[in-house]
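Just so we're clear, the structure is a prediction, and the values are computed from it rather than from any experiment.
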Amino acid sequence: MLGYSGTCQPTDKGGKDIELVDLFAIITVGDKETVTAGSGESLDAIMIPGYPRYHIGRDGRGRPTLLIEVDPSPMSIPALALQNLLVEYDVSSLISSKAAGRHAARVTVIRCIGSDPDLHDLFLHVAGSLIGTLGPEPSPVAIHSAISDLVALFQSLESHASTKSVKGLWAELLVIRQARRPEILAQAWHATARDLWDFNAGTQRIEVKSCGTTIRQHRFNLAQLNPPRETMVAVASLVVMSSPQGASIADLLRDLHRRLSRFPTVKYRVDRIAAESLGIAWGEAYSLQFDVEKAMDSLAFYDASAVPAISLPLSPGVSDVHFISDLSGIDPWTAAQLHRSGGLFAAVARP
């Protein structure tokens with residue numbers, strides 16, 4: 001029986017699970033806090049429960065801003081401006097609250113300066129996960145590292161082509177969301193588009209294939225069906241069809257936030273990989289919706305060694321072979337078989 005060798009333990013840094021999208025939605029003018037930072041612009045804001053150093057604000061144009069109270073720094077770090085993101089370090093500010101009165105603070109200001117509401121939603125999702133990894137009392141080094149990651153992510157959104165189709169990414173996220181142990185799937189999720197398999201846990205790997213019809217015909221790279229010795233690969237096959245009443249990638253990420261609430265580092269990893277995979281296609285990803293019920297009903301797992309494939313060895317000089325295989329004649333694994341296999345395969349089985 002093959003088992004999963006990694007570990008994924010809940011992380012508790014003293015704060016509470018947060019969902020910035022929901023928190024941002026309840027901010028009203030003068031209701032909780034007013035933050036005046038840097039240029040003198042006032043933001044309507046709210047302190048994030050369980051994280052007293054963090055505030056989420058809304059500027060006069062309805063755009064979200066994350067503020068982190070920091071200790072004064074002897075170093076002067078210049079502001080960083082992207083097309084949709086502005087970061088200002090060690091900014092003098094005044095925070096006024098009905099509950100706690102008024103106090104001066106030094107803050108790091110992270111503004112989403114794009115106008116698209118879907119971009120605001122994405123910013124809030126990622127920022128919420130980022131806060132969970134930093135914890136209530138972040139060090140200056142940790143803050144700087146986290147902001148560097150956020151900047152790199154937004155640079156991908158602004159300049160990089162999508163490394164995966166919206167439908168393909170949606171299918172992978174659904175496989176994680178429906179899993180009995182989504183944190184194990186998320187931890188094993190591919191870090192780059194160059195990875196041969198979508199999920200890799202050493203001796204167990206899963207490749208997700210989606211199709212737009214009930215005929216299970218999928219395109220494979222020959223190498224995907226010929227893993228290293230002593231390694232098993234499962235092919236997750238599902239039907240993904242557009243539906244105006246379906247779920248978008250944003251909806252799946254929101255569900256995953258709830259399921260991964262005890263694993264902030266893993267949750268942030270999911271947000272980061274999803275955003276980097278989408279690149280400049282993030283707007284399309286947030287508008288397209290697919291039928292969850294149809295996809296779930298069709299989801300099946302197959303032994304990759306049983307998938308029809310081109311025989312080895314290849315003729316001399318032939319490489320990088322791709323082909324389409326029909327899985328209709330193969331019996332899928334049962335839930336009991338997945339559970340008995342343990343590790344990644346047991347984790348992906350439905351609860």
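For the pair Leu82/Gln155, a side-chain contact is recorded, criterion being any heavy-atom separation below 4.5 Å from C-beta on. Considering only heavy atoms from C-beta on, Leu173 comes within 4.5 Å of Trp189 through its side chain. Residues Ile110 and Ile68 are in side-chain contact: their nearest non-hydrogen atoms beyond the backbone lie under 4.5 Å apart. Under the 4.5 Å side-chain criterion, counting only non-hydrogen atoms from C-beta, His257 is in contact with Asp271. When side chains are defined from C-beta on, Phe263 does not count as touching Gln187, because their heavy atoms never get closer than 4.5 Å. Side-chain contact between His55 and Glu69 is present, with at least one heavy-atom pair separated by less than 4.5 Å. Looking at Ser243 and Gln289, their side chains never come closer than 4.5 Å, going by heavy atoms from C-beta outward. When side chains are defined from C-beta on, Val126 counts as touching Leu153, because their heavy atoms get closer than 4.5 Å.
For the side chain to side chain donor-acceptor pair (under 3.5 Å) with Ser42, the lone residue among Thr36, Thr34, Asp59 that qualifies is Thr36. Applying the side chain to side chain donor-acceptor pair (under 3.5 Å) test between Tyr302 and each of His218, Lys209, Arg216 identifies Arg216 as the sole match.
Between atom CD of residue Gln178 and atom CG of residue Leu256 there is a gap of 10.5 Å, rounded to the nearest 0.5 Å. The CG atom of Leu80 sits 8.0 Å away from the CG atom of Leu86 when rounded to the nearest 0.5 Å. Here Phe24 contributes atom CZ and Arg63 contributes atom CZ; the two are 10.5 Å apart, rounded to the nearest 0.5 Å. Between Phe154 atom CZ and Leu119 atom CG the span is 5.0 Å, to the nearest 0.5 Å. Going from atom CG of Leu23 over to atom CD1 of Ile46 covers 4.5 Å, rounded to the nearest 0.5 Å. The OG atom of Ser298 sits 11.5 Å away from the CD atom of Glu293 when rounded to the nearest 0.5 Å.
Side-chain heavy atoms closer than 4.5 Å link hydrophobic residues (I, L, V, M, F, W, Y) into clusters, and following such links, even through other members, never connects Leu327 to Val208. Taking hydrophobic clusters as Ile, Leu, Val, Met, Phe, Trp and Tyr residues chained together by side-chain heavy-atom distances below 4.5 Å, Val175 shares a cluster with Val292. Residues Leu222 and Leu196 do not share a hydrophobic cluster, clusters being chains of Ile/Leu/Val/Met/Phe/Trp/Tyr side chains in contact below 4.5 Å. Phe220 is not connected to Leu238 by any chain of hydrophobic side-chain contacts under 4.5 Å among Ile, Leu, Val, Met, Phe, Trp and Tyr, and they are in different clusters. Both Leu85 and Leu134 belong to a single network of hydrophobic side chains, linked directly or stepwise wherever heavy atoms of I, L, V, M, F, W or Y lie under 4.5 Å apart.
Checked for salt-bridge contact, Arg258 and Asp255 meet the test: a charged N lies under 4.0 Å from a carboxylate O. Between Asp44 and Arg58 there is no salt bridge, since no side-chain nitrogen of the basic residue lies less than 4.0 Å from a carboxylate oxygen of the acidic one.
When all heavy atoms of Ile215 and Cys211 are compared, the closest pair comes out as O-SG, 3.7 Å. Among all heavy-atom pairs drawn from Leu66 and Ala127, the shortest one is CD2-CB, 4.2 Å. Of all non-hydrogen atoms in Val266 and Ala186, the two that sit nearest each other are CG1-CB, 3.3 Å. Scanning both residues, Ala179 and Ala347, for their nearest heavy atoms gives CB-O, 3.3 Å.
Using a 3.5 Å distance cut-off with no hydrogens or angles, the side chains of His190 and Glu172 do pair a donor with an acceptor. Side-chain N/O atoms of Thr265 and Thr133 include no donor and acceptor closer than 3.5 Å.
Within a 6.0 Å sphere centred on CG of Asp320, other residues, nucleotides and ligands contribute more than 12 heavy atoms. Surrounding CZ of Arg102 are at most 12 heavy atoms belonging to other residues, nucleotides or ligands under 6.0 Å away.
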Derivation of the side-chain contact (heavy atoms from CB on, under 4.5 Å) call for Leu174 and Val240: CA-CA 10 Å; Leu174 185 72; Val240 179; over 6 Å; no

Candidate pair Arg269 and Asp149, rule salt bridge (charged side-chain N to carboxylate O under 4.0 Å, His left out), full reasoning: CA-CA 11 Å; Arg269 186 175 193 273; Asp149 283 347; over 6 Å; no

Derivation and outcome, side-chain contact (heavy atoms from CB on, under 4.5 Å), residues Phe301 and Phe345: CA-CA 9 Å; Phe301 295 88; Phe345 296 158; over 6 Å; no

Stepwise side-chain contact (heavy atoms from CB on, under 4.5 Å) test for Ile48 and Leu20: CA-CA 8 Å; Ile48 298 172; Leu20 284 192; 3.6 Å; yes

